[in-house]
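Report on the following structure.
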Amino acid sequence: MDYTLSRKETIVVKKLAFPGLYPVAELNGVFKDGSISASISRTIKTQAQFTYIGDDLSDGDFIQISVILDNGYEQEEIVLATLRAYYTGKTKNEKNFTCYSLAKILDSGRYHQPFSVTESKDPFDYVDQILSTVRLKTAYRPTEKNTIRVSKSFLPEDYSKLDIINELLDNAGYLALDTNEYGLVIFRETTSTPKYSSIVFSEGEASIVRPSTQEEHDWSEVANVVIVTCENADDEVLRAIAINDSPTDETSTMFRGEVVRVESMSDADSQQVVEDKAKALLAEEQSKLTAVTFEHAYRPIHLFDHVSIDLEGVSGVYTVQSYEISLTPGLITKTRVRRFEL
C-alpha cells in the first residue's frame, strides 16, 4: 500500500478470547484520547491508554487494536497491538483503561516454590514450560541448540516468571522476551543497523513527515571499553572485553582514553555468548551518540525495525527504539531511532 497518499483511517477494537486470541466481539463504544506506545527500554514494551464510553469492556479483557487504511485505491487492515486492558477509574460515564502487551501476564506471575533448572538442559524447554503455565504461545522457537551450564533455583521472592525467562534468554544470547502485535511471544537477538532499508522517511512532495525533526547527541558518558564477566557456580570465570579503538571515532580510546563499563552475567551459555554480550553493550554505548526523533503520519513500523531517514540534514539508516501512535485522525506517530554498530 502507498502510505504517502491521503487516506481515511478507521480504528477497530475487538475483544479476544483467551487462550486462543481469536475475536469474539467488536467493541461498539466510543474511544477517546487513545495512544499506543512501545519502547525497547521497558520491561513490558508495548502499552496503550485510552478513555472508553460503553459497557462492553471490563478490567482484564483481552483486546486487539487495528486500523483500516483506505486511500481510495486500496484498503488494508493492520493490527497495531494485542493487549490486556486494566481498568483505572472513571469520570461520569468515561472509563479509563491502561493496557499492556501480554508479557505483563508473566511479569505479574510467580511460582509459589523455587523453580529449578538443570545443567545441560535446553533453556528453551524451560521457557516453553513457563509459558504454558500462563497459556501464552510462541510465534517461533529458535532452532539452534542452547545449553544451561549450571543448575540453579529461582526463588519466588526474587524472580517473577518473566524475570526467570529473561535471565535464561540473556544467558543464551537473546534479548528480553516480548510479544508481537498478535500477542505471540517472540525472541530477538542483537543485530547491527544495516546500510539499507525499504522503509523510507524523506522530505518532498509526498512526505508524511512533519518538518520538526530533533537530533540529540550525548557523548559525555559514552563508554568505549566494555568488560563482561560471568562467574558460574563451579567458580569458572568467563570474561570478554569489547573496545572501540577506531582512529576515526572521537569517542574511541584513541581520542578520549578509556571510559569503561563493567557488567556481569549469571550463567552464560558459552564464551561466545559472553563475547557477543560485550559487543552488544559496546554497540549500545555507541548508539547513545546520536538519536533522531521525528513525527509522521502512521505507516507500519515495529520496535527494532530499520528505517531510512533523509530529513533536515539527517541522513542514514537507523533502528527504531521507541514510538507512540496517537489514535486520532492521521494517526500521528512520534518515532525515536538510533544506530547500532556491532
So do [Y] and [X] actually touch side chain to side chain, heavy atoms under 4.5 Å?
| X | Y | value |
| --- | --- | --- |
| L175 | T190 | yes |
| Y100 | D107 | no |
| L184 | Y140 | no |
| I130 | I164 | yes |

If you measure from [atom1] on [X] to [atom2] on [Y], what distance do you get to the nearest 0.5 Å?
| X | Y | atom1 | atom2 | value |
| --- | --- | --- | --- | --- |
| K161 | L177 | NZ | CG | 13.5 Å |
| I309 | S315 | CD1 | OG | 9.0 Å |
| I208 | F294 | CD1 | CZ | 8.5 Å |
| D70 | M1 | CG | CE | 6.5 Å |
| S264 | K277 | OG | NZ | 10.0 Å |
| H302 | I186 | NE2 | CD1 | 9.0 Å |

Indicate whether the side chain of [X] and that of [Y] have a donor and an acceptor atom separated by less than 3.5 Å.
| X | Y | result |
| --- | --- | --- |
| T51 | K95 | no |
| H306 | T319 | yes |
| S326 | T328 | yes |
| S101 | R84 | no |
| D276 | Q272 | yes |
| Q64 | Y22 | no |
| T147 | S120 | no |
| E258 | T253 | no |
| N244 | S246 | no |

Any ion pair linking [Y] and [X] (charged N to carboxylate O, less than 4.0 Å)?
| X | Y | value |
| --- | --- | --- |
| D125 | R141 | yes |
| R299 | D305 | no |
| K121 | E119 | no |
| D56 | K15 | no |

Member of F154, F115, Y111 meeting the ring-ring contact (aromatic ring centres under 6.0 Å, His included) criterion with Y159: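 Going through F154, F115, Y111 one by one, the ring-ring contact (aromatic ring centres under 6.0 Å, His included) with Y159 is satisfied by F154 alone.
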Using modelled atom types and a 3.5 Å cut-off, is there a donor and acceptor pairing between side-chain atoms of [X] and backbone atoms of [Y]?
| X | Y | answer |
| --- | --- | --- |
| D163 | S160 | yes |
| N171 | E167 | yes |
| R7 | L69 | no |
| Q47 | I44 | yes |
| T88 | N96 | yes |
| N166 | A176 | no |
| S108 | I105 | no |
| Y174 | L168 | no |
| N224 | V222 | no |
| T179 | V185 | no |

Which heavy atom in [X] sits nearest to a heavy atom in [Y], and how many Å separate them?
| X | Y | answer |
| --- | --- | --- |
| S153 | P114 | CB-CB, 4.3 Å |
| L83 | L102 | C-CD2, 3.9 Å |
| E263 | R261 | OE2-NE, 3.0 Å |
| M254 | P247 | SD-CA, 3.7 Å |
| V260 | V262 | CG1-CG2, 3.9 Å |
| S207 | S202 | OG-O, 2.9 Å |

Is [Y] reachable from [X] through a run of hydrophobic residues whose side-chain heavy atoms are each under 4.5 Å from the next?
| X | Y | answer |
| --- | --- | --- |
| Y298 | V79 | no |
| L331 | V307 | yes |
| I65 | F62 | no |
| Y126 | V150 | no |
| I63 | V12 | no |

Verdict with reasoning, R42 to S37, per side chain to side chain donor-acceptor pair (under 3.5 Å): CA-CA 11 Å; R42 292 178 183 161; S37 62; 3.0 Å; yes
Geometric class of the H296/F201 ring pair [parallel <30°, tilted 30-60°, perpendicular >60°]: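 Ring orientation of F201 relative to H296: tilted.
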Worked verdict on K8 versus E76 for salt bridge (Lys or Arg N to Asp or Glu O under 4.0 Å): CA-CA 11 Å; K8 176 183 177 182; E76 181 180 12; over 6 Å; no
Side chain to side chain donor-acceptor pair (under 3.5 Å) evaluation trace for S39 with S41: CA-CA 5 Å; S39 172; S41 63; 2.8 Å; yes
